[in-house]
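Below is one structure, written out as structure tokens; the observations come after it.
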Amino acid sequence: MKNIILVAVAFGLAATLSACGSTGIQNEGLLKQPLTGGQSRVKIVRSEQFLASGRGARVKIDGKEVADIGNGAGAILDVPAGPHNVSVDVWDHPNVFNLRIEAKPGRMYTLLIKPREDAVMAGAVLGVAGMLVEAAANENGGLFQVEVVDEQRIG
């Protein structure tokens, strides 16, 4: 019986940890490198706060997953200059938050990801039904939101 309880606890812990995103700043070394012609740099950071702290924020640029960012973590990547769709979601939430940016060459854009309080509360209070209702009410929704908080010339 004791072994069954230990196995159950181990599975629960593994499931909890698998929902976490990365920690630290992925590709931080890019900050020390110059941009190549026609490129822009995107620095994505996630606020460090209690709400949704155990959930990883999955980030896609133009439909391609580029990071799974944990609480207080981030990622840096270079993208071609031009229009890009940045989306943030969680695998089990029925909605996604989208942001369109027009990246200019030689510039760095800092994007901030933070939990959407309405979505967190709807899920916490009403469970899956709450998430579905909140998702239906917001075209641009999901557990997290993302915004541009800084733009600067680099290189």
Side-chain angles (χ1 to χ4, degrees), residues 13-125 128 130-155:
L13 183 58
T16 300
L17 292 176
S18 69
C20 297
S22 65
T23 58
I25 303 290
Q26 299 171 32
N27 304 323
E28 192 169 15
L30 278 178
L31 290 176
K32 298 175 184 170
Q33 297 178 11
L35 280 171
T36 58
Q39 294 285 309
S40 301
R41 186 159 288 156
V42 179
K43 179 180 178 183
I44 308 163
V45 294
R46 179 165 158 199
S47 65
E48 187 168 357
Q49 58 191 99
F50 180 74
L51 280 181
S53 60
R55 306 300 308 272
R58 180 171 53 184
V59 180
K60 295 179 183 179
I61 296 183
D62 300 328
K64 180 183 174 194
E65 186 171 339
V66 296
D68 187 17
I69 302 177
N71 197 31
I76 299 165
L77 58 139
D78 292 346
V79 297
H84 295 284
N85 184 52
V86 180
S87 62
V88 181
D89 68 358
V90 178
W91 71 270
D92 62 344
H93 194 282
N95 209 343
V96 63
F97 195 96
N98 290 299
L99 172 70
R100 186 114 173 122
I101 63 170
E102 183 69 40
K104 298 174 187 159
R107 302 198 67 85
M108 182 167 76
Y109 298 85
T110 302
L111 309 180
L112 176 65
I113 297 172
K114 56 187 176 183
R116 291 184 57 249
E117 292 181 18
D118 291 346
V120 172
M121 294 311 294
V125 174
V128 174
M131 289 191 303
L132 291 171
V133 168
E134 197 278 330
N138 293 293
E139 182 179 326
N140 203 22
L143 191 59
F144 295 101
Q145 62 188 26
V146 61
E147 63 183 323
V148 177
V149 293
D150 189 42
E151 175 187 345
Q152 60 182 318
R153 178 168 262 318
I154 58 174

Which residues share a side chain to side chain contact (heavy atoms under 4.5 Å, CB included) with Glu102, sequence neighbours left out: Pro83
If I take atom [atom1] from residue [X] and atom [atom2] from residue [Y], how far apart are they, to the nearest 0.5 angstrom?
X      : Y      : atom1 : atom2 : answer
Asp62  : Arg100 : CG    : CZ    : 7.5 Å
Ile69  : Phe144 : CD1   : CZ    : 10.0 Å
Ser87  : Lys64  : OG    : NZ    : 13.5 Å
Leu99  : Phe97  : CG    : CZ    : 7.0 Å
Lys43  : Leu112 : NZ    : CG    : 11.0 Å
Met108 : Leu30  : CE    : CG    : 10.5 Å

Ile101 vs Val148, side-chain contact (heavy atoms from CB on, under 4.5 Å): CA-CA, chis, key distance, verdict: CA-CA 8 Å; Ile101 63 170; Val148 177; 3.7 Å; yes
Using side-chain heavy atoms (C-beta onward) and a distance below 4.5 Å, is [X] in contact with [Y]?
X      : Y      : value
Val86  : Leu111 : yes
Arg116 : Asn95  : no
Ser47  : Ile113 : no
Tyr109 : Gln152 : no
Val42  : Ile44  : yes

Let me have the donor-acceptor pairs involving side chains of residues 73-80, under 3.5 Å, with sequence neighbours excluded, atom names and distances please.
residue	atom	partner	partner atom	Å
Asp78	OD1	Arg41	NE	2.7
Asp78	OD1	Arg41	NH2	3.4
Asp78	OD2	Arg41	NH2	3.2

Carboxylate-amine/guanidinium contact Asp92 Arg55, below 4.0 Å: yes
Side-chain (Ser40) to main-chain (Lys104) donor-acceptor, under 3.5 angstrom: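 Yes, because the side chain of Ser40 sits within donor-acceptor range (under 3.5 Å) of the backbone of Lys104.
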Donor-acceptor contact below 3.5 Å, side chain Arg58 vs main chain Asp89: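 Judged by distance alone, no pair lies under 3.5 Å.
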With sequence neighbours excluded, residues passing salt bridge (charged side-chain N to carboxylate O under 4.0 Å, His left out) with Glu151: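 Salt bridge (charged side-chain N to carboxylate O under 4.0 Å, His left out) list for Glu151, sorted by chain: Arg107.
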Worked check of side-chain contact (heavy atoms from CB on, under 4.5 Å) between Ile154 and Leu35: CA-CA 8 Å; Ile154 58 174; Leu35 280 171; 3.4 Å; yes
